[in-house]
Amino acid sequence: MSDPAALPAAEAARQIQAGTLSAIALTEALLDRIAAREPVVRAFIHLDPGLARRQAAAVDAAVKAGRSLPLAGLGFGVKDVLDTADQPSQYGSPIWAGHRPRSDAACVALARRAGAVILGKTVTTEFATRFPGATTNPHNSAHTPGGSSSGSAAGAGAGFFHAGFGTQTAGSIIRPAAYCGAVGFKPSYGTLHRAGMKVMSESLDTIGLITGSVADAAFAMAGLTGGDYGQPAAKPDRAPKLGLCWGPTASLAAPETRAAIERVAAAAAQAGASVTPVEMPPAVVAGLEAHQLVMNGESAEALAWELEHAAAQLSPVLRQRMEWGRDQPRAALEAGRAAFATARAALAEVIAPFDAILTPAAPGEAPEGIGATGDPAFNSLWTLLHLPCVTVPVGTGPKGLPLGAQLVGAIGQDKAVLAWAEWVRQAAA
């Protein structure tokens with residue numbers, strides 16, 4: 001293949017480990033892609049090609065010395081709420097401009113240990129909340145890439161790297177991945193350690209990946225964790241049992257999303273899947289109703305220092321939400337967390353008969369403009385339930401922008417939900 005950047009992650013790493021491709025050559029190919037489109041996409045808040053080349057040279061030296069590196073030479077983007085020792089970590093806020101941590105976040109350290117090249121820091125909304133940066137959608141620069149993992153989604157959608165780290169508190173991995181025509185994978189809560197992350201919500205924040213394919217997501221997760229995330233492209237010995245769930249926010253699905261999910265469900269059924277409508281019980285709906293209070297209450301705690309010492313440098317919208325969250329009674333926050341726990345218990349029985357739940361990834365196509373990042377209406381529920389979620393591209397809407405279908409699995413069933421997501425993607429294709 002003439003363009004090393006077009007290789008699937010597993011094949012690129014295999015060739016580098018075998019010595020038939022160099023990490024430097026792969027990095028140069030990725031940097032060429034970035035140079036061609038970054039002035040418009042603006043996925044990176046910090047990019048140092050020289051640093052990337054030095055990392056790639058170190059990978060080649062390690063491979064030559066006989067080290068086995070599962071992610072040898074693969075390019076990663078790192079959302080800028082995750083610390084990097086060799087690059088600024090500014091959390092999308094002027095308060096932290098120029099901040100240089102002493103150490104990497106745990107997930108970044110794991111990526112480096114496995115041989116990944118950290119190409120740069122990707123744009124995040126302010127503290128991974130609401131106020132967006134300058135990133136545009138790689139399919140149409142007049143539209144948002146989504147958020148808060150804006151740069152990682154746009155970069156993955158543009159083919160800038162094999163994997164971009166994202167974080168999700170409401171819908172910040174799944175929604176932007178859908179908008180950008182990429183694959184978003186939010187693992188089961190706590191899978192990737194949050195050490196070195198600017199945590200906002202203790203009950204919700206989850207680190208995951210945005211990639212170009214389901215296979216790349218599984219390969220990257222295996223390389224990071226040493227766990228078994230399967231071979232999603234392998235044909236399973238049976239078709240899945242799918243639950244079709246529009247959820248409590250069904251009325252917010254745009255016509256293109258309703259048509260796309262119905263088309264995907266029909267294609268899955270034609271390919272042999274059983275597809276059964278699923279309604280969420282009242283306890284699960286009550287958990288979703290508590291999401292905003294818990295998210296904002298915990299985030300106000302996380303930003304206690306910034307609210308006390310640098311409130312004037314917060315955007316007005318974030319400051320207003322944090323002041324509201326700070327002013328909620330402690331009993332209300334505890335009740336919201338209890339509602340989450342009750343919802344998780346209630347959902348376990350609902351999801352048990354199914355291999356995965358099929359549900360929208362976003363209300364519709366990416367909205368026009370980059371002043372807002374879209375609505376997480378079809379993501380917040382699954383985030384508070386701590387379940388693994390995958391979004392896969394399933395065509396385009398009336399404006400030619402990507403649409404995504406979301407597959408949700410039982411907690412801990414990350415390998416299975418990745419496999420069923422790829423099965424559904426192939427059936428829909």
Side-chain angles (χ1 to χ4, degrees), residues 8 139 157 174-175 177-186 211-218 229-280 347 349-366 377-379 381-382 387-410 413-429:
H139 297 270
I174 298 298
R175 184 177 80 263
Y179 285 168
C180 293
V183 168
F185 177 51
K186 184 195 79 66
T211 62
S213 70
V214 180
D216 284 0
Y229 286 83
Q231 302 288 333
K235 190 174 179 62
D237 58 6
R238 63 175 178 85
K241 298 176 181 177
L242 300 176
L244 174 59
C245 180
W246 294 96
T249 56
S251 64
L252 298 178
E256 65 264 24
T257 288
R258 188 162 289 278
I261 297 301
E262 288 173 351
R263 178 179 60 80
V264 170
Q270 188 173 11
S274 66
V275 183
T276 306
V278 176
E279 295 291 335
M280 290 293 106
L347 193 280
E349 185 176 348
V350 174
I351 203 172
F354 303 106
D355 293 306
I357 299 293
L358 170 65
T359 191
E365 292 174 292
F378 291 99
N379 316 120
L381 176 64
W382 313 113
L387 304 177
C389 308
V390 187
T391 188
V392 292
V394 290
T396 56
K399 295 182 179 179
L401 290 163
L403 298 171
Q406 181 176 195
L407 280 295
V408 181
Q413 296 300 306
D414 299 48
K415 174 183 174 180
V417 78
L418 284 162
W420 294 126
E422 177 61 15
W423 189 96
V424 167
R425 187 199 65 79
Q426 291 187 26

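Quick note: numbers below take in every heavy atom, side chains included, and nothing from hydrogens, waters or symmetry partners.
- At a threshold of 4.5 Å between non-hydrogen side-chain atoms, the residues I261 and L244 count as touching.
- The minimum heavy-atom distance linking G230 with P232 is given by the pair O-CD, 3.5 Å.
- Nearest heavy-atom pair, H139 versus C180, reported as atom, atom and distance to 0.1 Å: NE2-O, 2.8 Å.
- The number of heavy atoms from other shown groups lying within 6.0 Å of CD (E262) is above 12.
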message: Quick one, F354 with C245, criterion side chain to side chain contact (heavy atoms under 4.5 Å, CB included). Give me CA distance, side-chain angles, the key distance, then yes/no.
response: CA-CA 12 Å; F354 303 106; C245 180; over 6 Å; no

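- Applying the side chain to side chain contact (heavy atoms under 4.5 Å, CB included) test between I174 and each of V390, N379, T359 identifies N379 as the sole match.
- You'll find the side chain of L381 stays beyond 4.5 Å of the side chain of T249, heavy atoms only.
- In the displayed structure, E256 atom CD is contacted under 6.0 Å by more than 12 heavy atoms of other residues, nucleotides or ligands.
- In this structure, W246 and A253 approach most closely via the heavy-atom pair CZ3-CB, 4.2 Å.
- Looking only at side-chain heavy atoms (C-beta outward), R175 and T391 stay at 4.5 Å or farther from each other.
- Across all their heavy atoms, A421 and L407 have their closest contact at CA-CG, 3.9 Å.
- Between C389 and W382, the closest heavy-atom pair is SG-CB, 3.6 Å.
- Closest non-hydrogen pair, P236 versus W423, comes out as CG-CD1, 3.6 Å.
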